[in-house]
Amino acid sequence: MQRDPKLVPRHVAIVMDGNGRWAKKRFMPRFFGHKQGVDALVRCVQACSDRGVEYLTVFAFSSENWKRPEEEISGLLGLVLVAVSKYLRKLAEKGVRIRIVGDRSAVNDKVRAAWDEAERTTAHNTRITLSVAFNYGGRWDVVQACRRAVREGVAAEHIDEAMLSSLTALSYAPDPDLFIRTGGEVRISNFLLWQIAYAELYFTDCLWPDFDEAQLDAALAAFAGRERRFGDVRAAAAQPVGGG
Ligand code: FPP
């Protein structure tokens, strides 16, 4: 599908918040909300792909989520395995390339193997790239990029924005154009701090499991109504090099 960059963002990033409250409203355990959240995510990938979005990046587990009750953490890790076995083939057939971003060292072997399988199986797909941020934090990303630069012996005078960007976890993607957060909170919560410098921000009270095509279209309509200036008062035509 041909994408009009003024109407449809190339890269959408989403904080999928509100699973717990969605479940609570139904007198169900929080895990039930996360399970519905996976289904909402798969629907959202398809809807984004249908509209010509090329990159979708979602926050599935933050560096801070380890502070949650152990039962919820193991539920979320188990859900990775369920999600991969239930949806990987379908997503692969739809042309979805899956990438996992975040610190994999802290997850167990089974989860790591599931991520590896998801990435390997979909590596050659080109329709849309779904990046799942898992054990990810925006500050972690900046720190790991700096550490890589030092390890690779980069001289201080050679460190600039483009160079550091190339070492971040999402270096293969353009910067997000549209940042969506569901669930009613109005904050970034240590998601893509470096990458969203020029993203349009969109917050909705909709709880993530209820986020459907109509909700996505409302976010895209809000995006289409924004004038993007990238710091330039002369308006919308200007775009930073390599940015979105
Ligand atoms: C925030 O809702 C959501 C999360 C911490 C997890 C998001 C995860 C998914 C949507 C599914 C997992 C995805 C994969 C790929 C396995 P919350 O629990 O903070 O909700 P609340 O604010 O209502 O309590």
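Values in this document were obtained by computation on a predicted structure and should not be read as measured data. Every number for a ligand or one of its atoms is a count from 1 in the order of the listing. In what follows, every heavy atom counts, from backbone to side chain, and hydrogens, waters and symmetry copies are set aside.
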Exercise for review: Considering heavy atoms of the protein only, find what lies nearest to atom 5 (C) of ligand 1 and give residue, atom and distance to 0.1 Å.
Suggested key: Asn65 OD1, 3.7 Å
Review point. Just by distance, with hydrogens left out, do Arg97 and Thr129 show a side-chain donor and acceptor under 3.5 Å apart?
Key: yes
Practice item. May I ask you to check if ligand 1 and Leu79 share an N or O to N or O distance below 3.5 Å? Key: no
**Study point:** Donor on one side chain, acceptor on other, Asn190 and Trp140, under 3.5 Å
**Key:** no
**Study point:** Identity and separation of the nearest protein heavy atom to atom 6 (C) of ligand 1
**Key:** Ala60 O, 3.3 Å
**Study point:** Contact check, Arg68 vs ligand 1, heavy-atom distance below 4.0 Å
**Key:** yes
Exercise for review: Could you check atom 10 (C) of ligand 1 against the protein and tell me its nearest heavy-atom contact, residue, atom and distance included?
Suggested key: Asn19 ND2, 3.3 Å
Check your understanding: What residue and atom, counting heavy atoms only, is the protein's closest point to atom 3 (C) of ligand 1, and at what distance?
Key -> Met16 O, 3.2 Å
Point to revise | Pair Gln195, His11: side-chain N/O donor-acceptor within cut-off below 3.5 Å | key: no
Review point. Going through the distances and angles, do Gln144 and Asp103 end up as a side chain to side chain donor-acceptor pair (under 3.5 Å)?
Key: CA-CA 9 Å; Gln144 70 80 26; Asp103 181 0; over 6 Å; no
Check your understanding: Can Ser63 and Arg139 be counted as having a side-chain donor-acceptor contact under 3.5 angstrom?
Key -> no
Check your understanding: Taking atom types as modelled and ignoring hydrogens, do the side chains of Trp208 and Asp17 form a donor-acceptor contact shorter than 3.5 angstrom?
Key -> no
Exercise for review: Could you tell me whether ligand 1 has any atom less than 4.0 Å away from a heavy atom of Gly18?
Suggested key: yes
Review point. For Asp39 and Tyr87, does a side-chain donor sit closer than 3.5 Å to a side-chain acceptor?
Key: yes
Review point. Of the choices Glu64, Glu185, Arg21, which has the non-hydrogen atom that lies closest to atom 21 (P) of ligand 1?
Key: Arg21
**Study point:** Asp17 N/O under 3.5 Å from ligand 1 N/O
**Key:** yes
Exercise for review: Could you check atom 4 (C) of ligand 1 against the protein and tell me its nearest heavy-atom contact, residue, atom and distance included?
Suggested key: His34 CE1, 3.9 Å
Exercise for review: Please confirm whether Trp208 comes within less than 3.5 Å of ligand 1 when only nitrogen or oxygen atoms on both sides are compared.
Suggested key: no
Exercise for review: Could you give me the CA-CA distance, side-chain angles and deciding distance for Ser49 and Arg127, then say whether side chain to side chain donor-acceptor pair (under 3.5 Å) is met?
Suggested key: CA-CA 7 Å; Ser49 175; Arg127 180 146 186 142; 2.9 Å; yes
